[in-house]
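As structure tokens, the structure follows; a few thoughts come after it.
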Amino acid sequence: MELGLVGLGKMGGNMRERIRRAGHTVIGYDRNPDVADVHSLEELVGKLKGPRVVWVMVPAGAATQSTIDELAGLLSPGDVVVDGGNSRWTDDEKHAAELGVKEIGFVDCGVSGGVWGLENGYALMYGGSAENVAKVQPIFDALKPEGDFGSVHAGKVGAGHFAKMVHNGIEYAMMQAYAEGWELLEKVDSVTDVREVFRSWQEGTVIRSWLLDLAVNALDDDEHLDKLRGFAADSGEGRWTVEAAIDNAVPLPAITASLFARFASRQDDSPQMKMIAALRNQFGGHAVESKSEN
């Protein structure tokens, strides 16, 4: 299968490689000419045979909107656009309607896997009509982890990004729990090797997880996280999760508290946020702030 891929950053570049390893043809476009296969969206569309599938992997908001606007003028009826970025689900409904006027299909896809996805595969949550999803299915199959799980047709347009948003809200709460436990262990005099306590939890405990493994990786790199400033950004999806909970009258005390904890990190140097920052860097390659930068 042929795929046009727009956006070849940390995620998009690795996704291109994984899809190619599965035997598909990927034509990639990025504003950085050093990583791009073509030099414009027009050239990308011109190299694809119909019906075309173009996967957009650019930042949510204005960048995604402008890319979809341009593609709407280049693609033909029966083609499909996939938004694999971190767009808000309400934007998906708008994009589907805009493209639908020109009989161009739209699929939204939440993607999880970070910098580890190339080798381990990406968890995929996608929304759209069965007809449009079927046109993209070979690419979903190439990107997902091996085995029976790791991808889901979550529902209609918007369902993929809504599911990924909730996934990220849960991630916020899980990271916060590890961070709070780590700070408490570091605080008391009786526990003399916090890193090894965390390591001991990796086998046989009910709290073992990939995030716990990444926490141990971070502590192996910097045992007391002394090199990090206790600051953690939020990507926006935690906020959207809390807003959706309010709109639907669903109580989310743990996720909400974890979001507010990140806000607190911007006021003082928070020990808990050192662990949050370290975990975000481990699984997603997100930037961290060192003490030397302040």
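Side chains included, hydrogens not; waters and symmetry mates left out as well; all remaining heavy atoms used. All of these numbers come straight from a predicted model, not from anything done at the bench.
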Kindly check if the number of other-residue, nucleotide or ligand heavy atoms within 6.0 Å of CZ (Arg31) is above 12?
no
Of all heavy-atom pairs between Leu252 and Ala245, which one has the smallest distance, and what is that distance?
CD1-CB, 3.3 Å
Quick check for you: to the nearest 0.5 Å, what is the distance between Met57 atom CE and Asp30 atom CG?
12.0 Å
Contact between Asp222 and Leu219 at the side-chain level, heavy atoms closer than 4.5 Å - yes or no?
no
Between Arg280 (side chain) and Gly285 (backbone), is there a donor-acceptor pair under 3.5 Å?
no
If Ile, Leu, Val, Met, Phe, Trp and Tyr residues are connected whenever their side-chain heavy atoms lie under 4.5 Å apart, and connections chain through other members, are Trp116 and Met15 in the same group?
no
Do Asp83 and Ser87 have a side chain donor and acceptor closer than 3.5 Å?
yes
Heavy-atom nearest pair, Ala218 first then Ala278, reads CB-CB, 3.6 Å
Under a plain distance cut-off of 3.5 Å, with no hydrogens placed, do Asp69 and Ser66 share a side-chain donor-acceptor pair?
no
Hey, is the main chain of Met165 close enough, under 3.5 Å, to the side chain of Thr241 for a donor-acceptor pair?
yes
What heavy-atom pair brings Ala173 and Ile255 nearest, and what distance separates the two atoms?
CB-CG1, 4.0 Å
Would you confirm whether His153, through its side chain, and Gly128, through its main-chain N or O, come within 3.5 Å as a donor-acceptor pair?
yes
Would you please say whether a donor-acceptor pair under 3.5 Å links the side chains of Glu186 and His224?
yes
Would you say Lys144's side chain and Gly147's backbone share a donor-acceptor pair under 3.5 angstrom?
yes
Mind running side chain to side chain contact (heavy atoms under 4.5 Å, CB included) on Arg195 and Asp220 for me, showing each step along the way?
CA-CA 8 Å; Arg195 179 177 58 186; Asp220 281 340; 3.3 Å; yes
Is it possible for you to say whether Val191 and Met275 belong to one hydrophobic cluster, with membership spreading through side-chain heavy-atom contacts below 4.5 Å?
yes
Within the 4.5 Å heavy-atom criterion, are Asn32 and Val35 side-chain neighbours or not?
yes
With side chain to side chain donor-acceptor pair (under 3.5 Å) as the test, would you mind laying out the steps for Gln176 and Glu171 before giving the verdict?
CA-CA 8 Å; Gln176 185 65 27; Glu171 176 189 293; over 6 Å; no
Same cluster or not: Leu71 versus Val82, using hydrophobic residues (I, L, V, M, F, W, Y) connected whenever any side-chain heavy atoms lie under 4.5 Å apart?
no
Taking the side chain as everything from C-beta on, heavy atoms only, tell me whether Met125 gets closer than 4.5 Å to Cys109.
no
Gap separating the NE2 atom of His24 from the CD1 atom of Ile139, nearest 0.5 angstrom
4.5 Å
Look up atom NZ in Lys156 and atom CG in Asp92, then write down how far apart they are to the nearest 0.5 Å.
12.5 Å
How close do Val6 and Leu41 get, counting heavy atoms only, and between which atoms?
CG2-CD2, 3.5 Å
Check against side chain to side chain contact (heavy atoms under 4.5 Å, CB included), Val80 and Val107:
CA-CA 7 Å; Val80 174; Val107 174; 4.1 Å; yes
State plainly whether one hydrophobic cluster holds both Trp55 and Tyr29, where clusters connect Ile, Leu, Val, Met, Phe, Trp and Tyr through side-chain heavy atoms under 4.5 angstrom apart.
no
Determine the minimum heavy-atom distance between Lys94 and Gln65, stating which atoms define it.
NZ-OE1, 2.7 Å
For residues Trp201 and Trp210: do they belong to one hydrophobic cluster (side chain heavy atoms under 4.5 Å, members Ile, Leu, Val, Met, Phe, Trp, Tyr)?
yes
Decide side chain to side chain contact (heavy atoms under 4.5 Å, CB included) for Val81 and Leu75; before the verdict, give the C-alpha distance in whole Å, the side-chain angles of both, and the deciding distance to 0.1 Å.
CA-CA 9 Å; Val81 173; Leu75 295 173; 3.5 Å; yes
Quick one, Met175 and Ser258 - any side-chain contact, counting heavy atoms below 4.5 Å?
no
Working for salt bridge (Lys or Arg N to Asp or Glu O under 4.0 Å), residues Lys47 and Asp37
CA-CA 11 Å; Lys47 287 183 175 291; Asp37 303 313; over 6 Å; no
Polar side-chain atom of Asp79 near backbone of Ser76 as donor-acceptor pair, under 3.5 Å:
yes
Crowded around Glu103 CD? As in, over 12 foreign heavy atoms under 6.0 Å?
no
Is there a donor-acceptor pair under 3.5 Å between the side chain of Lys135 and the backbone N or O of Gly78?
yes
Side chain to side chain donor-acceptor pair (under 3.5 Å) with Arg88: of Glu237, Glu243, Glu93, only one passes, and it is Glu243
Look at the aromatic rings of Phe140 and Tyr126 and report parallel, tilted or perpendicular, splitting at 30° and 60°.
parallel
With distance as the sole test, does Arg199 use its side chain to make a donor-acceptor pair with the main-chain N or O of Val216 at under 3.5 Å?
no
May I ask you to check whether Asn14 and Glu119 show a side-chain donor-acceptor distance below 3.5 Å?
no
Within this structure, what is the OG1-NZ distance for the pair Thr25 and Lys49, rounded to the nearest 0.5 Å?
8.5 Å
Enclosure of Glu42 CD (heavy-atom neighbours >12, cutoff 6.0 Å)
no
Do Asp213 and Arg208 meet the salt-bridge criterion of a basic N to acidic O distance under 4.0 Å?
no
Report, as yes or no, whether the 6.0 Å neighbourhood of atom NZ on Lys10 holds more than 12 heavy atoms from other residues, nucleotides or ligands.
yes
Arg239 side chain to Gly236 backbone, donor-acceptor under 3.5 Å:
no
Please name the pair of heavy atoms, one in Ser209 and one in Tyr178, separated by the smallest distance, quoted to 0.1 Å.
OG-OH, 2.8 Å
OG/Ser151 to CD/Gln137 distance, rounded to the nearest 0.5 angstrom?
6.5 Å
Counting C-beta onward and ignoring hydrogens, is there a side-chain heavy-atom pair between Ile246 and Val242 closer than 4.5 Å?
yes
Is it true that Lys187 and Glu183 make a salt bridge, defined as a side-chain N closer than 4.0 Å to a carboxylate O?
no
Enter the distance from Asn86:CG to Asp91:CG here, rounded to the nearest 0.5 Å.
12.0 Å
So does Gly4 get a backbone contact from the side chain of Arg52, meaning a donor-acceptor N/O pair under 3.5 Å?
no
Verify side chain to side chain contact (heavy atoms under 4.5 Å, CB included) between Glu223 and Val194, making sure each step is shown before the conclusion.
CA-CA 9 Å; Glu223 182 173 357; Val194 176; over 6 Å; no
Does Arg262 make a cation-pi contact with Tyr172, if we ask for NZ or CZ under 6.0 Å from the ring centre and within 45° of the axis?
yes
With distance as the sole test, does Asp108 use its side chain to make a donor-acceptor pair with the main-chain N or O of Val157 at under 3.5 Å?
no
